[in-house]
Structures are given as structure tokens and as C-alpha cells.
Amino acid sequence: SIAIEGFGKAGSGTARACARAGARVIAVSTIAGTLVDPAGLDVDELLALRARHGDAFVDHAPVPAQPREALFAVDCDVLVPGARPHVIGPESARELRCAAVVPAANIPYAPGATEALAAGGILALPDLVTNAGGIHLYEAPECREDPARCLAAVERLVAETTRRVLAAADAESVTPTKAALEIARAFLRSAQTTAP
């Protein structure tokens with residue numbers, strides 16, 4: 001079950017991909033409010049409503065709109081911050097009812113949030129890994145030729161990087177964000193030493 005903060009480009013694309021993969025999208029939010037249905041929302045219907053009404057589509061949906069912040073009280077497997085920076089802080093991290101946070105937005109964690117999530121047993125994946133698909137669109141050779149091969153390449157690259165980060169986090173007993181940053185720093189150091 002997936003809850004998605006922000007039903008714009010990143011959030012709606014995430015919802016579509018999750019639904020196509022068989023996940024149940026149970027909550028989405030916009031600046032105008034939140035929709036929650038534990039049985040699952042019809043993503044195609046939400047996309048059509050959003051095309052007609054913009055962010056206010058939540059007022060035209062088949063379930064009643066709730067306040068925007070209600071999204072963070074939803075009991076779900078995966079929470080996807082997809083809109084605002086610093087949307088999860090150390091205090092709000094303790095209130096979440098999810099197993100994992102998988103960002104589609106940049107900088108969703110305020111300082112101290114990833115440590116608070118780890119203390120609460122919630123896996124917090126780093127945004128620089130999970131939302132890196134756009135970068136791969138420019139870098140993956142497959143993306144210059146065929147959209148289907150491009151999507152498969154992006155999924156493969158993000159999955160490989162996620163596994164690498166989680167393995168490093170486990171090995172070093174640190175948060176996945178700290179592990180990802182150290183991997184990035186090591187890459188930059190090696191690039192600087194090999195540069196002409």
C-alpha cells in the first residue's frame with residue numbers, strides 16, 4: 001500500500017507506475033487536500049480529474065477530501081514524499097505509520113529526520129538514489145534509442161544503486177542516507193584523483 005505526498009509530475013508518475021506494478025495506492029495529496037481510501041484509489045480516475053481540475057481535483061473525487069497533512073497519518077507500507085522539501089522532520093518522523101519512506105522529491109528530510117526514522121524502525125531511502133531516474137534519462141545509453149529499454153535501464157540502475165546503498169548501510173551500521181553520501185564522496189574523490 002502506497003501513500004503519495006504531492007500528485008504533480010513526480011507523484012502522479014509514481015502513482016501510475018506503482019498501480020501498474022500491482023501496488024495499491026491508498027492516499028494522495030495536493031496543496032488542496034488529501035484523498036484516502038484503504039481499499040485503493042483508481043489512479044486513472046485521479047489523473048483524469050487532475051487534468052480537469054488541477055490540484056483541486058481532490059474536491060471532485062469519489063472519496064471526501066481531508067486536510068493535506070492527513071496523508072502523514074495514513075497507515076501504509078510505503079510513504080512517498082513527492083512535493084515539498086523538509087516535509088519529514090524528527091518530530092513528525094515519530095508519527096509516521098509506514099514501513100519505508102521512498103522519496104520522489106528532493107530533500108524531503110529535515111536535519112535529524114533519517115536518524116529518527118531509523119530509531120522508529122522505518123527504512124528511509126535517500127532521495128539522491130530513489131529520484132535519480134531523470135539523471136539516468138540523460139546518462140543511460142539505452143535512453144538514446146528506445147523508451148521501453150530506457151525505462152527498463154532506469155529501473156535497473158536505481159534498483160542496483162538502492163541495493164548497494166542498503167548493503168553499505170548494513171555493513172557500516174549507518175542510515176542509508178549516510179551510506180549513499182559516503183559512496184558519492186568516495187566516487188568524487190576517485191574522480192578527482194583520476195582527472196587529467
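- Looking only at distances, no side-chain donor or acceptor of N131 sits under 3.5 Å from a matching main-chain atom of P103.
- Contact detail for T175 and A118: the closest heavy-atom pair is CG2-CB, 4.2 Å.
- Residues V25 and L46 have side chains not in contact (no heavy-atom distance under 4.5 Å, counting atoms from C-beta outward).
- At a threshold of 4.0 Å, the pair E160-R156 counts as salt-bridged, since one of the basic side-chain nitrogens sits closer than that to a carboxylate oxygen.
- In this structure the side chain of L47 reaches within 4.5 angstrom of the side chain of D44, judged on heavy atoms.
- Residues A104 and G82 approach most closely at CB-CA, 4.1 Å, considering heavy atoms.
- Considering only heavy atoms from C-beta on, L123 stays 4.5 Å or farther from V102 through its side chain.
- Closest approach of C76 to A3, counting heavy atoms only: SG-CB, 3.9 Å.
- The two residues A23 and I2 have their closest heavy-atom pair at CB-CG1, 3.8 Å.
- Separating the CG atom in L71 from the CG atom in L35 is a distance of 10.0 Å, to the nearest 0.5 Å.
- Closest heavy-atom contact between A61 and L49: CA-CD1, 3.8 Å.
- We find the CG-CG distance between L117 and L125 to be 10.5 Å, quoted to the nearest 0.5 Å.
- The side-chain hydrogen bond (donor to acceptor under 3.5 Å, both in side chains) contacts involving residues 25-40 comprise nothing, where partners must be two or more places apart or lie in separate chains.
- Put simply, the side chain of P81 reaches to within 4.5 Å of the side chain of I88, judged on heavy atoms.
- Residues V63 and V58 fall within the same hydrophobic cluster, defined by Ile, Leu, Val, Met, Phe, Trp and Tyr side chains chained together at heavy-atom separations under 4.5 Å.
- Residues passing the ring pair (Phe, Tyr, Trp, His ring centres under 6.0 Å) test with F57 are F7, sequence neighbours excluded.
- Using a 4.5 Å cut-off on side-chain heavy atoms (C-beta onward), R97 and V74 make no contact.
- A116 and P90 get closest at one heavy-atom pair: CB-O, 3.7 Å.
- Between the CZ atom of R84 and the CG atom of N106 there is a distance of 14.5 Å, given to the nearest 0.5 Å.
- Residues D55 and R50 have side chains in contact (heavy-atom distance under 4.5 Å, counting atoms from C-beta outward).
- How far CG of L166 is from OG1 of T161: 11.0 Å, rounded to the nearest 0.5 Å.
- The distance from atom CD1 of I4 to atom CD1 of I26, rounded to the nearest 0.5 Å, is 10.0 Å.
- The number of heavy atoms from other shown groups lying within 6.0 Å of CD (E69) is above 12.
- For E5 (side chain) and V80 (main-chain N/O), no donor-acceptor pair under 3.5 Å exists by modelled atom type.
- Listed for the T162 side chain is a donor-acceptor partner under 3.5 Å among the backbone atoms of V158.
- By the 4.5 Å heavy-atom criterion applied to side chains, P126 and K178 are not counted as neighbours.
- In this structure a side-chain-to-backbone donor-acceptor pair under 3.5 Å is missing from S1 to R24.
- The shortest side-chain heavy-atom distance between C98 and V78 does not fall under the 4.5 Å cut-off.
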